[in-house]
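Heads up, the thing below is written out as structure tokens.
Throughout, residue positions are numbered sequentially from 1 according to the sequence presented.
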Amino acid sequence: LLLAGALVGIGLAAWSLAGSGAPDAGLPRGAIARVNDQTISAEAFARFVGAVASERRVELDAAERRRLLERMVDEELLLQRGVALGLARHEPTARRAIVAAVIATLTAEAEAAEPEEADLRAFYGAESQRFRRPGRVSLETAFVAADGRPERELQARGEEIGRRVRAGEPMLQVAADLGDPATAPLPAGPLPLETVRQYLGPTAAQAALRLSAGEVSEPIRAVGGYHVLLLRERSDGEVPAFEQIRELVRAEYLRSLGERALRDTLRELREDATLVLDERQLEAP
């Protein structure tokens, strides 16, 4: 009887140990945990652990790995609670995050494959305007500072600068006679319009865009005074050779594949969906 009792006790202990040592019983292959009807994959957990270990630059022990798994469980529980409350549909931030995640998945899949050289060259030829560099302008400028002067006086001085330059006097000399030193002088040489905008403001940049070579602008009001522009030269934008911008072409080509995948998916979803629109509510009140 004693021997039989001992054997039964050993068997019960072994069964208990086996049960406690197999917490993953019932989990599908590749899962490390199940939270209600959703699983947490071992791959996702490994990525999470790897990212934390890389950030901390230490090897994580079992206790820390357990804490990270508990955190993933908590996140899943909160996610399930949010879905149950309808936040995925009604909360704008959650909706945007989900839509962005779906778009990222679709475009990432489309952009994963390495394109053929012939495809890149064909794309470069068909979409050359995507790669056109902006044109440049060479300007000479004069600036009339406000300095508390009446607006009429500023305008008149700017007009006089323009009149004298049109009559053939050098802009540099006229600017020295009637103008004031600019706070940030425009750099010399051909410049993109964006640089002109940064130095002289958007109104002056738009005026430079409308000028012809040799033409002088009317006085242009800006912060702190007036600008007068003389356009010396304009160069149209150019498309660099394929070899110079191959990586840019590749990036644009892959991006176009992602855009196409998104358009195709949306078209398929619309074809399969039942849509009912009340056009009357689109009318202006």
**Prompt:** Between E91 and T93, do the side chains contain an N or O donor and an N or O acceptor separated by less than 3.5 Å?
**Reply:**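 Per modelled atom types, E91 and T93 side chains form a pair under 3.5 Å.
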**Asked** Are E151 and Q155 linked by a side-chain donor-acceptor pair shorter than 3.5 Å?
**Response**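 Judged by distance alone, the side chains do not pair up.
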Within the supplied structure, the quantity of interest is the number of heavy atoms (other residues, nucleotides, ligands) at a distance under 6.0 Å from [X] [atom1]; does it exceed 12?
{"X": "R267", "atom1": "CZ", "answer": "yes"}
{"X": "R133", "atom1": "CZ", "answer": "no"}
{"X": "R132", "atom1": "CZ", "answer": "yes"}
{"X": "R65", "atom1": "CZ", "answer": "no"}
{"X": "E59", "atom1": "CD", "answer": "no"}

Establish whether [X] and [Y] are linked, either directly or via other cluster members, by ILVMFWY side-chain heavy-atom contacts under 4.5 Å.
{"X": "F48", "Y": "L78", "answer": "no"}
{"X": "V83", "Y": "L85", "answer": "no"}
{"X": "F143", "Y": "V216", "answer": "no"}

**Prompt:** With no hydrogens and no angle check, is any side-chain donor or acceptor of R164 less than 3.5 Å from a backbone partner on P170?
**Reply:** no
**Prompt:** Does S128 use its side chain to pair, donor to acceptor, with the backbone of Y124 at less than 3.5 Å?
**Reply:**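 Side chain of S128 to backbone of Y124: no pair is present.
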Between [Y] and [X], is there a salt bridge with N-O shorter than 4.0 Å?
{"X": "E76", "Y": "R71", "result": "no"}
{"X": "E70", "Y": "R67", "result": "no"}
{"X": "E153", "Y": "R157", "result": "yes"}
{"X": "R149", "Y": "D180", "result": "yes"}

**Asked** In terms of the angle between their ring planes, are F131 and F123 parallel, tilted or perpendicular, with boundaries placed at 30° and 60°?
**Response** perpendicular
**Request:** Decide yes or no for M171 and T141: does some side-chain heavy atom of the first lie under 4.5 Å from some side-chain heavy atom of the second?
**Result:**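 SC-SC contact between M171 and T141 ruled out.
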